[in-house]
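Following: one structure in structure tokens, then a few remarks.
Start at 1 with the first residue, then count along the sequence.
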Amino acid sequence: MSRKKTYFILGCIIGIAFIVRLIPALSIVEFPERFIRPDTPTYLEPARALLEGKFSGTGRAPGYTLLAAFSMLCAPGRDQLLLALAGVVLSTLTILPVFAAARELFNRSAALIGSALFAFNLTHLANAPMLLSDTLFGLFAALQFYFFVRFYRRKKSLDFLLCIFVAAAGTLIRPINLPWILPALFLLWMLKGIPVKQKIYSSLGAVFLTAVLLLPWMARNAAAGAPWCIDTNTGAMVHQNGAMILAEANKSSYEAEKEKIRREYDTLFLDTRRFPDEKSREKWKMERLRQIITAHPWIALKQHFNWHRILLPDAPTFFEITGLTTSDRGTMNVLAKEGLFAAVNYYFDGRWYLPAALCPLLAVTGITYLGTLLFLAGTLFRIKRHWYFWLLFLAFAEFYLFLPGPICAPRYQIPALPVMCAFAGIWIFLNWRKLMRSARSPK
């Protein structure tokens, strides 16, 4: 396929993707509550405090809060609309590094297929206008994937350092990216064809960049009474993941266990001598979570790999922003107790025609998963040559899919989508080419 035709098709994909994201986003003008989740105030309130010169929180990484503050500064009273539109633009722009990465891995035709799968992924497009950090973080995840693929192909240290720079900056949006830098360094040392001296300098440069970007913010949090960390929201896992584990262990409900744990530490933290600051409170929460996991290790392990909690496409968010359904109805309890089909039936009140109407977009997700699986399976036959694809998948997909633990949301799959769409695009292209050759060959 010619370069001109390729970029014409890519432009069409980007244009259609933008429109598909923009139309539901505009309803935020009349129905802003549809775009808000329980996490949303933890970004917007610090943003308001920042503009008032009173910012002192440690609960969240600053990246999305800064974007929210910029929206409030530019459009007072319309900041939520501007923030939603920014999400639409960022989501659409993310198609570009996905295309570029797939092109580096294979060719332009496969990259077009991969970028189309990404552009019309239901989870990604539904979450684009949400007032949450996932879309912004997804752009950074796609960029770090692209720069690492460039490094994998071209063996230039600058590409690796750009990857680490983007990953460290992404940590200031979602702290989950901080441990990701370790597998990135591992991949660097596993890559053949690079002199040891270059690997050493690249590793040192990566550590330096990470320290320069992250240590000032971590020091600021420590000075505010928190641990040396990106945020103190990590402790919330005790009443999220911990509550889910206890719900199964005690044969109770997630909401009941969550409320019980919150009451427990709310009472304890009244003792300001024992818990004088955020550091001591965060330490107690993490210790309590450790106790829950060690008391029920098999339940914790099983729940950690409950694929349907993160791999299912985010149809609920799509229907919620369009006003056809509502959130926070206790669907997670039904999912945990009765399974997937019961949860879907409960959420949609038996209106199966709603998810059926999204069959084309659901098919895109299914094709992406199937294509990724079959692509990786195909590399097993030539694993000595293609082993690096498995490491790419583990670092850029499996890490993001399964690190969150028992409490997951479909939007957590967004940073894993670039590599999956790229792999699926390559698999579709290869098999389509085989099919065309077979059809043209004389019988």
Side-chain angles (χ1 to χ4, degrees), residues 11 14-97 119-143 169-170 172-174 217 231 233 314-328 361 409-412 414-415:
I14 291 173
I16 297 170
F18 176 75
I19 293 169
V20 170
R21 286 159 170 76
L22 178 64
I23 292 173
L26 294 177
S27 66
I28 195 172
V29 175
E30 293 187 43
F31 306 103
E33 68 280 358
R34 295 178 183 174
F35 299 80
I36 292 172
R37 292 295 177 268
D39 288 348
T40 301
T42 65
Y43 298 109
L44 300 189
E45 291 174 6
R48 293 188 187 96
L50 179 62
L51 293 179
E52 295 170 0
K54 302 175 182 177
F55 183 70
S56 60
T58 61
R60 288 288 183 182
Y64 190 72
T65 294
L66 291 174
L67 180 62
F70 181 74
S71 299
M72 294 174 185
L73 186 64
C74 293
R78 290 285 186 174
D79 53 282
Q80 291 187 355
L81 172 62
L82 183 58
L83 197 53
L85 294 178
V88 169
V89 173
L90 292 171
S91 176
T92 307
L93 289 176
T94 308
I95 298 170
L96 292 173
F120 302 108
N121 179 276
L122 179 58
T123 300
H124 192 245
L125 68 87
N127 281 276
M130 297 298 292
L131 304 183
L132 295 166
S133 64
D134 301 273
T135 297
L136 178 61
F137 182 65
L139 174 60
F140 278 72
L143 285 169
L172 294 173
I173 303 169
R174 295 286 296 275
W217 180 256
D231 69 23
N233 188 59
D314 202 354
T317 293
F318 180 83
F319 286 115
E320 285 159 16
I321 63 176
T322 54
L324 295 171
T325 61
T326 57
S327 61
D328 299 324
L361 292 176
R411 56 190 169 91
Y412 293 172
I414 290 174

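What you find for Leu50 and Phe55 is that their closest heavy atoms are CA-CB, 3.7 Å. Summarising the geometry of Thr123 relative to Arg411, their closest heavy-atom pair is CG2-CA, 4.0 Å, with the distance given to 0.1 Å. Minimum heavy-atom separation, Leu139 to Pro97: CD1-CG, 4.4 Å. For Phe319 against Thr322, the heavy-atom pair with the smallest separation is O-OG1, 3.0 Å. Here the closest heavy-atom approach between residue Leu131 and residue Ile36 is recorded as CD1-CG1, 4.1 Å. Looking at every heavy atom in both residues, Ser27 comes nearest to Phe35 through OG-CZ, 3.4 Å.
From Met130, atom CE reaches atom CZ of Arg34 across 11.5 Å, with rounding to the nearest 0.5 Å. Atom OG of Ser71 is separated from atom CG of Leu51 by 10.0 Å, given to the nearest 0.5 angstrom. Annotation: the span from Leu136 atom CG to Leu172 atom CG amounts to 11.0 Å, rounded to 0.5 Å. To the nearest 0.5 Å, atoms CD1 (Ile414) and OG (Ser91) are separated by 7.5 Å. One finds the CG atom of Asn233 at 9.0 Å from the CZ atom of Arg174 (value rounded to the nearest 0.5 Å). Taking CD1 from Ile14 and CD1 from Ile19, the interatomic distance works out to 12.5 Å, rounded to the nearest 0.5 Å.
Here the side chain of Thr92 pairs a donor or acceptor atom with the backbone of Val88 at under 3.5 angstrom. Looking only at distances, a side-chain donor or acceptor of Thr135 sits under 3.5 Å from a matching main-chain atom of Asn127. Remark: the backbone N or O of Ala119 is paired with a side-chain donor or acceptor of Arg21 at under 3.5 angstrom.
Under the 4.5 Å side-chain criterion, counting only non-hydrogen atoms from C-beta, Asp134 is not in contact with Phe137. In this structure the side chain of Leu67 reaches within 4.5 angstrom of the side chain of Leu90, judged on heavy atoms. Side-chain contact between Thr40 and Leu132: present, with at least one pair of heavy atoms (C-beta onward) separated by less than 4.5 Å.
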Step by step, work out the side-chain contact (heavy atoms from CB on, under 4.5 Å) result for Leu83 and Leu44. CA-CA 10 Å; Leu83 197 53; Leu44 300 189; 3.9 Å; yes
Verify side-chain contact (heavy atoms from CB on, under 4.5 Å) between Leu125 and Leu361, making sure each step is shown before the conclusion. CA-CA 10 Å; Leu125 68 87; Leu361 292 176; 4.1 Å; yes
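Surrounding CZ of Phe70 are at most 12 heavy atoms belonging to other residues, nucleotides or ligands under 6.0 Å away.
Partner of Pro129 under the side-chain contact (heavy atoms from CB on, under 4.5 Å) criterion, chosen from Ile28, Leu85, Ile321: Ile321.
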